[in-house]
Amino acid sequence: MTKALKVKDLNVVLGGEEIIKDLSFSVEDGEVLVVMGPNGAGKTTLLKALLGLVPSKGKVEWGSKNISYLPPQEFLERRHLPPLSIKDFFELKGASSNKTTEMLELVGLKSSIISKNFNTLSTGQFQRMIIAWALVNEPSILLFDEPTAGIDVGGEETIYSLLRKFWEDKKMTILLVTHDLSIIWEHANNVLCINKKKICYGKPRKVLTPKNLEELYGTGIKFYKHGGGK
Amino acid sequence: MIQLVIVLLVCGFIGGIAGYIGSLMVTKRMSLMGGSLGHLTLPGITLALIYGFDVSIGALLFLGMGILLIWLFELRTKLPLEALTAVVFASSVAVAFLFLPEEHTYQALIGDVSQVSPVVVIVSVISCLLVFMVTRNIFPKIILSTISEDLAQSEGVSVKKYNLIYLGCIALTVALGVRIVGGLMTAALVAIPASTSRNVSRNLKQYAYLGMLFGMLSCVIGVLASSVTGVSAGPLIIISNAVFFLASLAFKKSYIS
């Protein structure tokens, strides 16, 4: 199996503060890697460093250049935009109307939404739409930061089921940042736990031990191993 | 009559491009910066009026220097562009008024299109077309970077590079605009047509092109009104823009659903 990503001795220092220290890991083609850690652990910065969006030291090698990244929804400007229809938004990525409609339907949205304004969608609709946007050029690798932040439990389950469906159909590699342990049990091939540095890395069943979780979050965490874990 | 047609042509093109690029400036909440940049041109206009060369050349010279300074300050300090613009433009205005001859004050502040030569027409039209083509090319990238710079960069958009190109287009537009509305009212030239367009448009294309249309129409109406009343075209152009904006408020209601 070929590597989708190889990271060696990654270090990120921002504003004089060490955000990520000596991080090394790799991701196989078609793997789902979940990055987890407490708030301020450097998860978002890690994704940005992997994409070259923040300065870093160390080696980052991607197996493909066809990468799509979605920042957390709250980092996307929605309110102070010009009249931007969903069709306009997909055109920013060069997608035709037909392709846009097809993608919207694939994520369970009505095709009529194409003429709606970017800032009039509900949180759940917006998240589905943005997933469609991320997938419209059929990326080999998808980086997703907190895809269900601000979404209720039902919506959360739908988003992950959707991602799972695409992962199975398109054989994508997915790097996902989430706090949700149940998602990790259910969907992750590997998990990378970080808190500035690597705390654990490997299959969830093996590495998500009470000891590691305590080291990661600094407190005891109750957790339940799901049957669906990989 | 020929002179009127020439003035209409120049003003129509400049107004159109100001409305078009203004649609991006309103999106990025930089429309007041158009005014600041207009003020920034005053030392250049002053030099042009004293030494008898074209005001747009003087304006562009000082805008180029000013924008370069603002861009460098932004890279170094990460302060908001508007704050840095205020620092540079206020200094420019102060310097301009040290040297601006009193007899040229009116022209420097509210513009003068009564003496437009054929060379100015050709250069202005070509400059407008150039700004239009470049802006049309960078438009989607600037919109994407407004939604999220990280998202844009991950899609291969070099945000710094496009911001610099965008600022260059603004500089050229303002340098052209000061000829027709002076250093005092360039903010209105870029902001009002785009704001009018925003009230009535439903998607990005409508927004950008209606901004261009309102900018163009306001200039044409302003120049025609000036030829009838004898009042300077600059203020009449801005008043025409304001009337379109007020009319769009009534129209906006019917679009809200």
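Residue numbering restarts at 1 for every chain, and letters A, B, ... go by the order of the sequence lines.
You'll find the side chain of L92(A) reaches within 4.5 Å of the side chain of I147(B), heavy atoms only. With a 4.5 Å cut-off on side-chain heavy atoms, W133(A) and L151(B) count as touching. Taking the side chain as every heavy atom from C-beta outward, V26(B) and P82(A) never approach each other to under 4.5 Å. Contact of the S154(B) side chain with the I67(A) side chain is not registered, since no non-hydrogen atoms from C-beta on lie closer than 4.5 Å. In this structure the side chain of F75(A) never reaches within 4.5 angstrom of the side chain of S148(B), judged on heavy atoms.
With a threshold of 4.5 angstrom between heavy atoms, K93(A) approaches chain B through side-chain atoms but not through N, CA, C or O. For a residue to count as touching a neighbouring chain, one of its non-hydrogen atoms must lie under 4.5 Å from one of that chain's; by this rule E155(B) touches chain A with the side chain only. Contact of Y69(A) with chain B is made through backbone and side chain together, with heavy-atom distances under 4.5 Å.
For the atom pair CD of E77(A) and NZ of K28(B), the computed distance is 10.5 Å after rounding to the nearest 0.5 Å. Rounded to the nearest 0.5 Å, atoms CD (E149(B)) and CG (L53(A)) are 10.0 Å apart.
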>> Could you walk me through whether K48(A) and D150(B) satisfy the side chain to side chain contact (heavy atoms under 4.5 Å, CB included) test, starting with their C-alpha distance in whole Å, then the side-chain angles of each, then the deciding distance to 0.1 Å, before giving a yes or no?
In response: CA-CA 8 Å; K48(A) 287 187 179 185; D150(B) 286 340; 2.7 Å; yes

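Within a 6.0 Å radius of NZ in K6(A), no more than 12 heavy atoms belonging to other residues, nucleotides or ligands are found. Heavy-atom neighbours of K99(A) NZ from other residues, nucleotides or ligands within 6.0 Å: above the threshold of 12.
Minimum interatomic distance between L204(B) and L84(A) (heavy atoms only, all atoms of both residues): CD2-CD1, 3.7 Å.
The closest donor-acceptor contact from the side chain of R198(B) to the backbone of L81(A) lies under 3.5 Å.
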